[in-house]
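Naming: A, B, ... by sequence-line order, numbering from 1 per chain.
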2 protein chains.
Amino acid sequence: MPASALKEQLTEDAVDMSDLTNSVGFLTRLAQVKTYETFFEDLGEYGLRPGEYSTLLLIGRNPGIRQGVLAQTLRVKPAHMTKLIRAFEDRGHVERTIPDHDRRSVELSLTQAGRDFIEKHRTAFTKHEASLKSSLTEAELVTLKRLLRKYSGFAAEEEN
Amino acid sequence: MPASALKEQLTEDAVDMSDLTNSVGFLTRLAQVKTYETFFEDLGEYGLRPGEYSTLLLIGRNPGIRQGVLAQTLRVKPAHMTKLIRAFEDRGHVERTIPDHDRRSVELSLTQAGRDFIEKHRTAFTKHEASLKSSLTEAELVTLKRLLRKYSGFAAEEEN
DNA sequence: TCAAAACAGTTTCCTAGTAAACAATTTCAT
DNA sequence: ATGAAATTGTTTACTAGGAAACTGTTTTGA
């Protein structure tokens, strides 16, 4: 993106952003946009969206997790989780079980195809997580994550 | 919780999040959600959304800014900016001007009503920015903003 | 015991934001 | 000059995600 991007950049640089360069809200939005762009560059070809990606990983780590707990953990609303799960079900990657001890709830687990899918793309997943961090040093990365957790009130209970 | 508590239920605290607690992507999403929640608590009563808030401020700071430059600065797509601007126009807060020197473009500025609106709610705006930061110390805040800028490739190395 | 309340998930409808095709204007290469 | 290409913004059609009302199930309390 040579000459034209340069011109755009110049125009953009002239904008007075003094309200925004110091706004945590705006900067987290920038970070979010960056994350999405990187995600689609790295993993878009598998037809997986960011929310789906973390949903799948979390079910894999926590077989039998209840759907509502999953939604709460990922900070999405139950209504949206219903849609995510149905899409995974249609693809044959996730299995829904209604347990006898509480027939209101839904317990989730990966199917064999779901586990195969993760395994098949594990390299790309790992590469993606690495590329997300590429612009920071390791020390900066540790600090950024700690501050993001503190800012968002995320109690990082268990150290692993 | 008598006899049937044999099956250990996976509650939120017990969820294995080892893929996510170290994912910058997930943590930026948490920060984004936190920011939105705080925004609606502080400013929701004025019928203003986060994107609208920064749009209005930026036009106020940069009278005559072109619509496309504004979109690029805020990292939203031109198609969406068209809708945001139309909403402001309908409310009588923003004015669109087609300049003679390039009749493809649109130049934006606040109306008197727009300036009055900002002035009227300036206290709430300031209070909101402060409450966004409340969970961090001043030093942590400076570090967080610096790292977010670096992570998201936000050039703006002009100190103000 | 049994109606009322609470809970877990779903459905319906709505908003924020994007992608792609489009129209109008300007620029660029002959 | 002039047709091709690039640009600026808009329209249309779509996806991610949320709010509120709803269904079915479990718990609670008199």
Which of these nucleotides, [options], is closest to any side-chain atom of [X]?
| X | options | answer |
| --- | --- | --- |
| A:Val106 | D:dT11, C:dT10, D:dT8 | C:dT10 |
| B:Pro78 | D:dT10, D:dT8, D:dT11 | D:dT10 |
| A:Lys77 | D:dG18, C:dA19, C:dA8 | D:dG18 |
| B:Ala79 | C:dT26, D:dG9, C:dT18 | C:dT18 |
| B:Lys83 | D:dT10, D:dG18, C:dT18 | C:dT18 |
| B:Tyr36 | D:dT25, D:dG18, C:dG17 | C:dG17 |

Can you tell me how far [atom2] of [N] sits from [atom1] of [X], to the nearest Å?
| X | N | atom1 | atom2 | answer |
| --- | --- | --- | --- | --- |
| A:Arg66 | C:dT10 | CZ | P | 12 Å |
| B:Arg96 | D:dT10 | CZ | P | 5 Å |
| A:Leu74 | D:dG17 | CG | P | 10 Å |
| B:Asp100 | C:dT25 | CG | P | 12 Å |
| A:Ile65 | C:dA8 | CD1 | P | 13 Å |
| B:His80 | C:dT15 | NE2 | P | 13 Å |
| A:Leu84 | D:dT15 | CG | C1' | 12 Å |
| B:Gln67 | D:dT11 | CD | C1' | 13 Å |

Seminar exercise, completed: salt bridge (charged side-chain N to carboxylate O under 4.0 Å, His left out) test vs B:Glu52 passes for just one of B:Lys83, B:Arg91, B:Arg86, namely B:Arg91
For this session: Would you mind telling me which residue lines up with the more 5' stretch of DNA chain C, B:Met81 or A:Asp102, judged by nearest nucleotide?
Result: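 Mapping each residue to its closest nucleotide by heavy atoms, the 5'-most match is A:Asp102.
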Exercise. Do B:Leu108 and B:Phe88 have side chains that get closer than 4.5 Å, going by heavy atoms?
Worked result: no
Problem set entry | Whether B:Thr38 side chain and B:Leu132 backbone form a donor-acceptor pair below 3.5 Å | no
Please determine if a side-chain N or O atom of [X] lies less than 4.0 Å away from the OP1 or OP2 oxygen of [N].
| X | N | result |
| --- | --- | --- |
| B:Thr82 | D:dT10 | yes |
| A:Arg104 | C:dA8 | no |
| A:Arg103 | D:dG24 | no |

For this session: Quick one: closest heavy-atom pair of A:Arg66 and A:Ser105, and the distance?
Result: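 Between these two residues, the closest heavy atoms are CD-CB, 3.3 Å.
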For this session: Could you tell me whether A:Glu140 and B:Lys150 make a salt bridge, using a distance below 4.0 angstrom between a side-chain N and a carboxylate O?
Result: yes
